[in-house]
Structures are given as structure tokens and as C-alpha cells.
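Quick notes on the structure that follows.
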Amino acid sequence: MGNNKSAGFEEVSHTADLEIRVWAKDLESLFRQSAAGMVHLSGVEELMEGISSVKQTISLEAMDYEGLLILFLEELLYRLTEDYMIYDIKKLSITSEYALKVNLKGSQIKSYQRDIKAVTYHNLNISTTADGYEVHIVFDI
């Protein structure tokens, strides 16, 4: 997958864990694509039929944007692995004070293929590029 889209993610070869490279024009899109990449890596198989969706709002605060990204992904990972839920991000806003507020619509899933244990800080650095932002995220499996 090339970097011809304004936002996206791709899996990067990693020796023991899983890694993705994520890029986007703004921080909100970077967080959205990071969540989409993590769900993709987990290998969600299919949604449960006949289960009504759940709407939730999450507010998080951190010391920096990297910490905020970790908190956000860990929250979604917990809901995936413990509750078997995946979420569409309906609205996501990030403030300059390293706070995030996100409105989610969740759906129950049947299963996932890869057990991601944690989102790591390994080489985590949100950098600015000519086109916006980029980050590499390593997941412990």
C-alpha cells in the first residue's frame, strides 16, 4: 500500500510483535487510522447478527499526544478482547491540552484471530510530515 492516500495504515514487518505505520493529514484522522489498523491486525471475523449497537462517549487525558494515543488504543483493545466489541468512531476531537473526546457506536463480534496483548511505547513518536502526521505503533502479541 503506498502513501498516495491522505490517511491510512499499513502493516510493517516486525521480528516478534506487530507493527503498523499510520499517516494522516491531522491528529484526529491519525487516531482514527491507528484504531482501524489495530482492529485490522486483530483479524475481527464478523459481527454478531441481531445484536443492537451500543453508543458510548469516552474522554481521556494524557501528558502528550503519544500517551493519549496509547490510552485511546488500549481502551479500544480492552473492549475488543474483553467485551468482544468493535466501534465505529462517530466523532473524535483532540484538544491542545492532550485531551480526547470520542463518540463511539459499538457492535458485538463473534471472534478475532490475533490476540494483541498491549499497545507499546516502543519507538512511539508522532512526527509531522509535509502531508500531516505519521506514527509507527508496535503491538505486543
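Just so you know, these numbers use all the heavy atoms, side chains as well, and skip hydrogens, waters and symmetry mates.
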Original post:
Which atom pair, heavy atoms only, marks the closest approach of Met85 to Gly106?
Top reply: CE-C, 3.6 Å
**OP:** Compare every heavy atom of Ser42 with every heavy atom of Val39, then report the nearest pair and how far apart it is.
**Re:** O-OG, 2.7 Å
Subject >> Leu76 and Leu104: CA distance, side-chain angles, deciding distance, side-chain contact (heavy atoms from CB on, under 4.5 Å) verdict >> reply: CA-CA 10 Å; Leu76 295 178; Leu104 302 168; 4.1 Å; yes
Subject >> Any side-chain heavy-atom pair of Leu77 and Thr81 under 4.5 Å >> reply: yes
Original post:
So how far is it from Leu71 CG to Glu66 CD, rounded to the nearest 0.5 Å?
Top reply: 12.0 Å
**OP:** Give the minimum heavy-atom separation between Ile20 and Ser34, together with the two atoms involved.
**Re:** CD1-O, 4.0 Å
Subject >> Shortest non-hydrogen contact from Ile116 toward Phe139 >> reply: CG2-CB, 3.8 Å
Original post:
Which value, rounded to the nearest 0.5 Å, describes the distance between Leu60 atom CG and Lys101 atom NZ?
Top reply: 12.0 Å
**OP:** Supply the atom-to-atom distance Glu28 CD to Ile89 CD1, rounded to the nearest 0.5 angstrom.
**Re:** 11.0 Å
**OP:** Please answer whether the main-chain N or O of Asp83 pairs with a side-chain N or O of Gln108 as donor and acceptor at a distance below 3.5 Å.
**Re:** yes
Original post:
Going through the checks in order, is the side-chain contact (heavy atoms from CB on, under 4.5 Å) test met by Leu69 and Leu100?
Top reply: CA-CA 9 Å; Leu69 180 60; Leu100 173 142; over 6 Å; no
Original post:
Using the ring of each side chain (for Trp, its six-membered ring), is Tyr84 parallel, tilted or perpendicular to Tyr112, with breaks at 30° and 60°?
Top reply: tilted
Subject >> Between CG on residue Asp115 and CG on residue Asp140, distance to nearest 0.5 Å >> reply: 9.5 Å
**OP:** Supply the atom-to-atom distance Lys90 NZ to Thr57 OG1, rounded to the nearest 0.5 angstrom.
**Re:** 13.0 Å
**OP:** Give, for atom CD1 of Ile126 and atom OH of Tyr65, the distance between the pair rounded to the nearest 0.5 Å.
**Re:** 9.0 Å
Original post:
Just wondering, are more than 12 heavy atoms of other shown residues or ligands nearer than 6.0 Å to OH in Tyr78?
Top reply: no
**OP:** Check Phe31 against Phe72 and note the closest heavy-atom contact, atom names and distance.
**Re:** O-CE2, 3.5 Å
Original post:
Are the side chain of Trp23 and the backbone N or O of Gln33 linked by a donor-acceptor pair below 3.5 Å?
Top reply: no
**OP:** Might you point out which heavy atoms bring Gly67 and Ala62 nearest each other, and give the distance in Å?
**Re:** C-CB, 3.6 Å
**OP:** Sequence neighbours left out, what passes side-chain hydrogen bond (donor to acceptor under 3.5 Å, both in side chains) with Ser107? Give chain and number order.
**Re:** none
Subject >> Residues, nucleotides or ligands: over 12 heavy atoms within 6.0 Å of Glu11 CD >> reply: yes
**OP:** Would you check if the side chain of Glu74 reaches a backbone N or O of Val119 as a donor-acceptor pair within less than 3.5 Å?
**Re:** yes
Original post:
Stepwise, does the side-chain contact (heavy atoms from CB on, under 4.5 Å) test hold for Leu41 with Arg114?
Top reply: CA-CA 7 Å; Leu41 288 179; Arg114 284 180 170 157; 3.6 Å; yes
**OP:** Take Ile58 and Arg79, measure what side-chain contact (heavy atoms from CB on, under 4.5 Å) needs, and give me the verdict at the end.
**Re:** CA-CA 12 Å; Ile58 299 172; Arg79 292 163 187 256; 3.8 Å; yes
Subject >> Student check: side-chain heavy atoms of Val138 and Leu124 closer than 4.5 Å >> reply: no
